[in-house]
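Here the structure is laid out as structure tokens; the discussion comes afterwards.
Order of the sequence lines sets the chain letters (A, B, ...), proteins ahead of strands, with each chain counted from 1. What's counted below: heavy atoms across the whole structure, side chains too, no hydrogens, waters or symmetry copies.
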Amino acid sequence: MQISQKKITAVQRKILSFYRQHHRDLPWRKTTDPYKILVSEVMLQQTQVSRVITYYSNWVRRWPTIQHLARASRAEVLEAWMGLGYNTRAVRLHQAAKTIVSAFDGDVLGAMQHYHDIRGVGRYTAHAVQIFATNANLVAVDTNIRRIFIKEFYLPESVPDQQLWQLAERCLPKGNSRTWHNALMDYGALHMTAKTTGIKPKTSQSRFSGSDRQIRAAILRMVLKQDCSFKELQRQLNVDPQRLDTILGSLSKEQLILRKNTMIALHPD
DNA sequence: GTCCCGACGG
DNA sequence: CCGTCAGGAC
């Protein structure tokens, strides 16, 4: 990629220097508990820090260990998640807790090394948990870090992930991974923002109003209160039956709801 | 309208 | 590779 070691060192200095003066004090940075870090990372997937803070604090107070979460009911978990968005994440986090307790003896870090077995945990999240929990010499490239690298090293926005992750490994100050990644996050979120750089995120989202996402959320809210009939949902949400049926199909497949005959209930644990 | 410490299925 | 998934802040 012909990026000099000199340039890399300069970027490291600049970002670490920024971090010493402007670092954010976030609740999940006060712990090295892999379970709590995992909760924070799943919540932070495509969700702003400011919106995660209270959800995270409430969550870890209510379910302080992965064993507590594994014993929780699906309804409790979804109730606590509602409002954060991308509700499938809650189901997957709950399932992950159960799998980690039953198949990994509660060892979150061990599970992160076999993240392909844990749905809802990809390479980014698996590495991030290990980095922030144990200061592991791994790299994780999120939307902030991607933007920083593109800007600092003059890369095209079309740069493949593979190259970004390779470059990230060259930039990693070994033995200082946790601080380095926190520094990158803060530099990207506070200083080198999407607005100031004009660099667009990898995936853009469709409009929310009138979308299936909006209807999915409305359905979940109703079913969370009590079981509903198909007709009741159709009347309340004012959506055509065919579309409602399709949406209910996807919600069922993702194990958020359960359909029995014409009744719709929250999916059991 | 745009973005946010991604992951998944097709 | 491409579309989908919440919700609020700006």
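- At the heavy-atom level, A/Trp81 lies nowhere under 4.0 Å from the strands shown.
- In this structure, NZ of A/Lys202 is placed 9 Å from P of B/dG6, rounded to the nearest angstrom.
- As a whole-Å value, the separation of A/Ile257 CD1 from C/dC5 C1' is 15 Å.
- Residue A/Arg24 has its side chain nearest to B/dC5 when only C/dC5, B/dC5, B/dG10 are considered.
- Checked against C/dT4, B/dC5, C/dA6, the side chain of A/Val49 finds its nearest nucleotide in B/dC5.
- What separates CD of A/Glu254 from C1' of C/dT4 is a distance of 9 Å, to the nearest Å.
- Between the P atom of B/dG6 and the CE atom of A/Met185 lies a distance of 7 Å, rounded to the nearest Å.
- At a cut-off of 3.5 angstrom, counting only N and O atoms as typed in the model, there is no donor on one side facing an acceptor on the other between the side-chain of A/Arg51 and the base of C/dG8.
- For A/Thr125, taking side-chain heavy atoms from C-beta onward, the closest of the listed nucleotides B/dG6, B/dG9, B/dC3 is B/dG6.
- Remark: the A/Gln48 side chain and the C/dG7 base include a donor-acceptor N/O pair separated by less than 3.5 Å.
- Under 3.5 Å, the side chain of A/Thr203 and the base of B/dG6 form at least one donor-acceptor pair of N or O atoms.
- Rounded to an integer number of Å, the gap from CD1 of A/Ile199 to P of B/dC3 is 11 Å.
- Nearest to the side-chain atoms of A/Pro201 among the listed nucleotides B/dG6, B/dG9, B/dC3 stands B/dC3.
- Under the 6.0 Å cut-off for aromatic ring centres, A/Trp165 and A/His127 qualify, their centroids lying closer than that.
- Taken to the nearest 0.5 Å, the OG1 atom of A/Thr193 stands 9.5 Å off from the CG atom of A/Asn144.
- Aromatic ring centres of A/Trp28 and A/Phe132: separated by at least 6.0 Å.
- Between A/Arg123 and B/dG6 there is no side-chain polar atom (N or O) within less than 4.0 angstrom of OP1 or OP2.
- In the hydrophobic cluster analysis, where Ile, Leu, Val, Met, Phe, Trp and Tyr join through side-chain heavy atoms closer than 4.5 angstrom, A/Trp63 is grouped apart from A/Val91.
- Each of A/Ser204 and A/Gly83 lies near DNA chain C, and the nucleotide nearest A/Ser204 is the one positioned closer to the 5' end.
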